[in-house]
Asks: 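Attaching a single structure in structure tokens format; questions to follow.
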Amino acid sequence: MIYDHKKIEAKWREVWEKEEIYKTSKNPKKKKYILDMFPYPSGATMHVGHLEGYVATDILSRFYRMRGYDVLHPMGWDAFGLPAENYAIKTGIHPDKSTHDNIKIFKKQLDVSGLSYDWDYEIDTSSPEFYKWTQTIFIKMWQKGLAYKKKAPVNWCPKDETVLANEQVVDGKCERCDTPVIQKELNQWFLKITDYADRLISGLDGINWPEEVKLQQKNWIGRSEGRIIKFDDIEVFTTRPETVNSATFIAVAGESDKFTGRYVTNPATDEKIPVWEASYVMLDYGTGAIMGVPAYDERDLVFAKKNKIKIVKKPYTKKLIGEPKVNYHLRDWLVSRQRYWGCPIPMVYCKDHDWQAVKFEELPVTLPNDVDYNPRGKSPNASSKTFQEGAKCPICGKKAKREVDTMDTYVDSSWYFVRFVDPKNNNKIVSVEASKKWLPVDEYVGGGHVVQHLLFARFFWKFMHDEGLVDKSLGDEPFLKLRAPGWILGPDSRKMSKRWGNVVTPDDIIPKFGADTLRVYEMFMGPFDVVKVWNLTGVEGANRFLKKVWRLFQLPINPACAGRNSQLSNNEINYKLHKTVKSVTEDIENYKFNTAIAKIMEFVNVLTVHSSQITVHKLGILAQLLAPFAPHIAEELWQNVLKQKGSVHASEWPEYDEKYLVSNEMNIAVQVNGKLRGQITVPTQIASDELRVKTLAKKNKKVAKWIESGRIKKEIFVPNKLINFVV
RNA sequence: GGUGCGGUGCUGGAAUUGGUAUACAGGUUAGUCUCAAAAACUAAUGGUGGCAACACCACGAGGGUUCGAAUCCCUCCCGCACCACCA
């Protein structure tokens, strides 16, 4: 029988679905919530890079299930967003239709990859059942004063005709279309994330995240401690108040560098100093004005020299003046979007009562279908004839006007992981029981570069936690552990893109090699978190490995002749078996999937060479170790070749026994002056006996040659490992 | 400019509580099988010298600590990522 991945994979996926082996426990005892960052179902198909993280969480989910954990491993769709709307403008196809068509394709791709999601927990942020609760949370924030509307200069993209958050402006350009962003005064809704700035920093200490991602969060928040000092009516912010007596000018934010003609008093010296406009001072940081201290600050020095301002260097003052103040780079989050395909902001405007929230029982405020979503500088919802129907002030009951803007899609992804634990609850965002059963997220996998998503999601969680919307006992961080897969580059070492024609999709690989090969290759490519280059010969290598495993299982099993035509004793092979189980277990826990596979390969090689040692027991363990990585072939081998009862994925993960991890003999390295000169093999019992090892080592011919000429000055003995003679 | 991460065979990478460098793959070469090819299998594969035993040299470069350094410290070079007039 040859390895026919097509037959095997389709067959087992059908069986798994019928037998519902991935259904989530209703009553978890030992829980693990394992989560991917959910995808935006775009028109471009998923490529092998997207799959990397999904395979990793699938391996973890299968592994922890086998270890007796109750696992929640859901998947859903970040379905609102600009691309679907832009597509609609171009083609006339409604975003709801194109998005859901895409979801079907994505889901199919995930399925053929053998991913063990429980689709009963699927969510879709564009469904009224979901966004009803997005609106609920928005209103709860408004009630707490955390959502407010104000006129503000905002970043405006003239091409997309929408405002952008600071985070969506890259080098002064729109992150989506690269159009230069302009400033425009508009009335906008903001969320007061700045109230949480300090907690968003301090919370990082207790969570298991990559240091670089934590650092990015800290930089983004950009906390700096300093003082506000008054120079007459001009306030400046400084982090070095002790240098105020050396301040020789004031600079306020301006377009070009020029003297204003004004002078103000330096409160530390009582001297009159000039007020300048300077382009290097930013309007929206601190007070928009600085004190110029050319003696201690490089940029101030450059400015002073250029404009012939005097430079004075005095020792620091001991007495600090001004008021202590903490400044942040982080701004309040602008969430209004003048767009259609998003969650409507559930607010109404009443002439007498200003902005009011729609009553909870009237939610959701649904997106109208009768809109013209061509951009005309205002929200498409304003063009709907039905959208304003029934809008009334919750206080006086008179007719009111609905907010026509929608929310930034980052709002949806800021709390979706909460909804996943109780996705069908019609009465609450999430029930207390469900939140206590599963939250917080234990393993979160996705791009570490998404600073904003992680910051916003932590902010929402902290709010929900403070308000008791999720149980307070769950702590105030939502993602206990985070790991980010490294990019997979195309075969030409460039980022996969249509433009380069170097996109590799699962459909390019699975029909020919199978999902198991794809999964094994992706995990074997290199360390999970580093950038890797796609290489087809590597895929063939992974396929060769699975074929080799297949052939190994076809060999006759005959325990009676074990040890007869093999140089390996039972003890030795048990040592290798148990060591493999130990390392694979530890490697999976630590996301070291590449070395886990390498160790399985080593064991396969051992069994292939010493085929007389093959037993059902050993092959069974091998199939189990392989199961998280290559679920289909493992199942076929487990059930059909080894005739085991039930699914390998429902079997109990093998335990290793410490007693087998001690072999009979040990290799001791012998060094002379730190250089390896020989090796001796000694019985394990004496491997830590310095005197006996020393005696044996000196007798070794190769070693003797190097020590005969001189007297041994020193001997260093590391038990079980090595002995070093210094001559 | 700042901060962080990294640099190991022909290639991807193992090895980091200091203790036998190059696990596991990929590639290449030779061989077996075949009319031939593919597949599969076997062997070799860091460099230099040597028939060989063996020796010396190699973990970006240089230095240091140590009996012993890919691993720790210092200086420099290179690459990647994020932030960037942040007062």
Side-chain angles (χ1 to χ4, degrees), chain A residues 2 170-171 210-224 226-229 236-241 243 247 250-251 253 278-282 284-293 296-300 302-303 327-330 448-449 451 484 486-487 520-521 524-527 529-545 547-548 551 583 587 592 594-605 608-609 667-680 702 705 712-727:
Chain A
I2 60 151
V170 180
D171 291 329
E211 281 307 315
E212 56 170 317
V213 180
K214 285 190 189 180
L215 197 81
Q216 277 174 25
Q217 301 261 302
K218 280 185 197 164
N219 288 343
W220 199 275
I221 298 162
R223 182 183 209 271
S224 58
R227 280 175 175 256
I228 298 281
I229 300 176
V236 304
F237 173 72
T238 178
T239 53
R240 301 180 70 189
T243 65
I250 293 294
S279 58
Y280 78 92
V281 178
M282 294 189 305
D284 59 352
Y285 185 76
T287 62
I290 62 151
M291 61 177 196
V293 191
Y296 293 107
D297 185 280
E298 222 170 287
R299 277 158 316 146
D300 294 348
V302 171
F303 188 82
N327 246 321
Y328 300 93
H329 172 232
L330 184 71
H449 58 285
V451 188
W487 282 100
V520 167
Y521 171 63
F524 187 63
M525 283 176 90
D529 56 357
V530 310
V531 176
K532 295 163 283 269
V533 176
W534 188 262
N535 177 3
L536 192 65
T537 60
V539 179
E540 287 162 357
N543 189 245
R544 211 172 292 154
F545 164 63
K547 283 188 200 157
K548 190 170 185 178
R551 282 198 307 274
S583 340
D587 283 352
K592 292 165 81 176
N594 58 331
T595 52
I597 293 170
K599 280 152 195 166
I600 297 174
M601 286 172 169
E602 279 187 62
F603 190 62
V604 169
N605 290 343
T608 304
V609 173
N667 259 346
I668 305 283
V670 186
Q671 299 181 334
V672 178
N673 290 335
K675 282 199 171 192
L676 181 72
R677 295 302 180 188
Q679 293 185 43
I680 53 172
K702 286 182 186 173
K705 191 168 87 180
I712 296 170
K713 288 187 202 137
K714 202 172 170 184
E715 293 157 350
I716 291 102
F717 179 65
V718 183
N720 304 324
K721 276 227 163 100
L722 66 75
I723 183 152
N724 185 12
F725 298 110
V726 184
V727 294

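Lettering follows sequence order; numbering is per chain, from 1.
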Asks: Just how far is it from atom CZ of F725(A) to atom CD of E715(A), taken to the nearest 0.5 Å?
Replies: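 Atom-to-atom, F725(A):CZ and E715(A):CD are 5.5 Å apart.
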Asks: Is any NZ, NE, NH1 or NH2 atom of the basic residue among K214(A) and E211(A) found under 4.0 Å from an Asp or Glu carboxylate oxygen of the other?
Replies: yes
Asks: G18(B) and U45(B): how far apart are their C1' atoms, nearest whole angstrom?
Replies: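 Between the two C1' atoms, the distance is 30 Å.
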Asks: Which atoms form the tightest heavy-atom contact between V726(A) and N673(A), and what is the distance?
Replies: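 Here V726(A) and N673(A) meet closest at CA-OD1, 3.4 Å.
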Asks: Output one letter per nucleotide in nucleotides 38-55 of chain B: B when a protein non-hydrogen atom lies under 4.0 Å from the base, S when only the sugar-phosphate is that close, - when neither is.
Replies: --SS------------SS
Asks: Which atoms form the tightest heavy-atom contact between Y296(A) and T243(A), and what is the distance?
Replies: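 Heavy-atom minimum between the residues: CD1-CG2, 3.7 Å.
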Asks: Distance between the P atoms of C59(B) and G9(B), in whole angstroms?
Replies: 9 Å
Asks: Between G26(B) and U34(B), how far apart are the C1' atoms? Round to whole Å, please.
Replies: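 These two C1' atoms come out 26 Å apart once rounded.
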Asks: Taking the side chain of E540(A) as its heavy atoms from C-beta onward, which of A84(B), G27(B), A23(B) lies nearest to it?
Replies: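 The listed nucleotide nearest to E540(A)'s side chain is G27(B).
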Asks: Can you check each nucleotide of nucleotides 63-71 of chain B against protein heavy atoms at under 4.0 Å and return B for base, S for sugar-phosphate only, - for none, in 5' to 3' order?
Replies: ----BS---
Asks: Which value, in whole Å, describes the distance between the C1' atoms of nucleotides U71(B) and A21(B)?
Replies: 11 Å
Asks: Could you check S279(A) against E211(A) and say which one's nearest nucleotide on RNA chain B is further toward the 5' end?
Replies: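 Looking at RNA chain B, the more 5' nearest nucleotide goes with E211(A).
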Asks: Among G27(B), A87(B), C24(B), which is the nearest nucleotide to the side chain of T537(A)?
Replies: G27(B)
Asks: Rounded to whole angstrom units, what separation is found between the CG atom of D529(A) and the P atom of C80(B)?
Replies: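 Checked: the CG to P distance equals 18 Å.
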Asks: Grab the CD-C1' distance between Q679(A) and A21(B) for me, whole Å please.
Replies: 13 Å
Asks: What is the separation between atom CH2 on W220(A) and atom C1' on C86(B), rounded to the nearest whole Å?
Replies: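 Rounded to the whole Å, the gap is 13 Å.
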Asks: How many angstroms lie between CD1 in I2(A) and NZ in K547(A), if you round to the nearest 0.5 Å?
Replies: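 If we round to the nearest 0.5 Å, I2(A):CD1 and K547(A):NZ are 8.5 Å apart.
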Asks: Could you check how far CE of M282(A) sits from C1' of A84(B), rounded to whole Å?
Replies: 9 Å
Asks: Contact class for G541(A) vs. all strands (heavy atom < 4.0 Å): base, sugar-phosphate, or nothing?
Replies: sugar-phosphate
Asks: Under 3.5 Å, sequence neighbours excluded: what are the donor-acceptor pairs made by side chains of residues 529-538 of chain A?
Replies:
unit_1  : atom_1 : unit_2  : atom_2 : d
K532(A) : NZ     : E52(A)  : OE2    : 2.8
K532(A) : NZ     : P527(A) : O      : 2.7
K532(A) : NZ     : F528(A) : O      : 3.0
K532(A) : NZ     : V530(A) : O      : 2.8
N535(A) : OD1    : T537(A) : N      : 3.2
N535(A) : OD1    : T537(A) : OG1    : 2.9
N535(A) : ND2    : T537(A) : OG1    : 3.4

Asks: Tell me the closest heavy-atom pair linking G222(A) and Y285(A), and the distance in Å.
Replies: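 Shortest heavy-atom separation between G222(A) and Y285(A) comes out as O-OH, 4.5 Å.
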Asks: Is there a side-chain contact (heavy atoms from CB on, under 4.5 Å) between L676(A) and V670(A) once you walk through the steps?
Replies: CA-CA 6 Å; L676(A) 181 72; V670(A) 186; 5.9 Å; no
Asks: Return the nearest nucleotide to the side chain of N605(A); candidates are A23(B), G26(B), A25(B).
Replies: A25(B)
Asks: Tell me, with the steps shown, if V236(A) and I250(A) meet side-chain contact (heavy atoms from CB on, under 4.5 Å).
Replies: CA-CA 8 Å; V236(A) 304; I250(A) 293 294; 4.1 Å; yes
Asks: With a non-hydrogen cut-off below 4.0 angstrom, is L722(A) in contact with a base, only sugar-phosphate, or nothing?
Replies: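 Touches a base.
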Asks: Given A87(B), is OP1 or OP2 found less than 4.0 Å from the side-chain N or O atoms of Y285(A)?
Replies: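 Result: yes.
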Asks: Which heavy atom in Q671(A) sits nearest to a heavy atom in L722(A), and how many Å separate them?
Replies: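 Here Q671(A) and L722(A) meet closest at NE2-CD2, 4.0 Å.
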Asks: For F237(A) and S224(A), which heavy atoms make the closest approach, and how far apart are they?
Replies: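 The pair with the smallest heavy-atom distance is CZ-O, 3.7 Å.
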Asks: Looking only at heavy atoms, what is the nearest atom pair of D587(A) and T595(A), with distance?
Replies: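 Heavy atoms only, the tightest pair is OD2-OG1, 2.9 Å.
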Asks: To the nearest Å, give me how far apart OH (Y280(A)) and C1' (G1(B)) are.
Replies: 16 Å
Asks: According to a 3.5 Å limit on both distances, what stems of 3 or more consecutive Watson-Crick or G-U pairs are formed with RNA chain B?
Replies: B:1-7 with B:77-83, B:10-12 with B:24-26, B:27-32 with B:40-45, B:46-49 with B:54-57, B:60-64 with B:72-76
Asks: Between C10(B) and G1(B), how far apart are the two P atoms, rounded to whole Å?
Replies: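 Taking atom P in both C10(B) and G1(B), they lie 34 Å apart.
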Asks: Looking at residues at least two apart in the chain, or sitting in another chain, which of them share a side-chain hydrogen bond (donor to acceptor under 3.5 Å, both in side chains) with K548(A)?
Replies: N605(A)
Asks: Give me the distance, rounded to whole Å, that separates A81(B) from G31(B) when you measure between the P atoms they each carry.
Replies: 46 Å
Asks: Output, in order, the C-alpha distance, side-chain angles, deciding distance and verdict of side-chain contact (heavy atoms from CB on, under 4.5 Å) for I290(A) and T238(A).
Replies: CA-CA 7 Å; I290(A) 62 151; T238(A) 178; over 6 Å; no
Asks: Heavy atoms only, 4.0 Å cut-off, all strands: where does M291(A) land among base, sugar-phosphate and nothing?
Replies: nothing
Asks: Report the C-alpha distance between N543(A) and Y521(A) in whole Å, list the side-chain angles of each, state the deciding distance to 0.1 Å, and finish with yes or no for side-chain contact (heavy atoms from CB on, under 4.5 Å).
Replies: CA-CA 8 Å; N543(A) 189 245; Y521(A) 171 63; over 6 Å; no
Asks: Could you please name the option among G19(B), C82(B), C86(B) that lies closest to any side-chain atom of K721(A)?
Replies: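 That would be G19(B).
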Asks: Roughly how far apart, to the nearest Å, are C41(B) and A52(B) at atom C1'?
Replies: 30 Å
Asks: Can you confirm whether I723(A) sits close enough to I716(A) that some side-chain heavy atom of one is under 4.5 Å from a side-chain heavy atom of the other?
Replies: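 I723(A) vs I716(A): side chains apart.
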Asks: For nucleotides 8-15 of chain B, just jot down a letter per nucleotide in 5' to 3' order: B, S or -, based on protein non-hydrogen atoms under 4.0 Å.
Replies: ----BSSS
Asks: Syn or anti for G9(B), taking syn as within 90° of 0?
Replies: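 Judged by the O4'-C1' to base torsion, G9(B) sits in syn, the angle falling within 90° of 0.
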Asks: Can you figure out which of C82(B), A84(B), A87(B) approaches the side chain of Q216(A) most closely?
Replies: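 Taking heavy atoms from C-beta onward, the closest nucleotide is C82(B).
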Asks: Using atom CG of D297(A) as one end and atom P of G2(B) as the other, report the distance to the nearest whole Å.
Replies: 15 Å
Asks: With C1' as the reference atom in both, quote the distance from G62(B) to C78(B) in angstrom, rounded to an integer.
Replies: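 Roughly 15 Å separates the two C1' atoms.
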Asks: Can you measure I221(A) atom CD1 to A84(B) atom P for me and round it to whole angstrom units?
Replies: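 From I221(A) CD1 to A84(B) P: 14 Å.
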Asks: Rounded to the Å, how far apart are N543(A) CG and A25(B) C1'?
Replies: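 Result: 14 Å.
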Asks: Of V718(A) and G286(A), whose closest RNA chain B nucleotide lies nearer the 5' terminus?
Replies: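 Final value for this comparison: V718(A).
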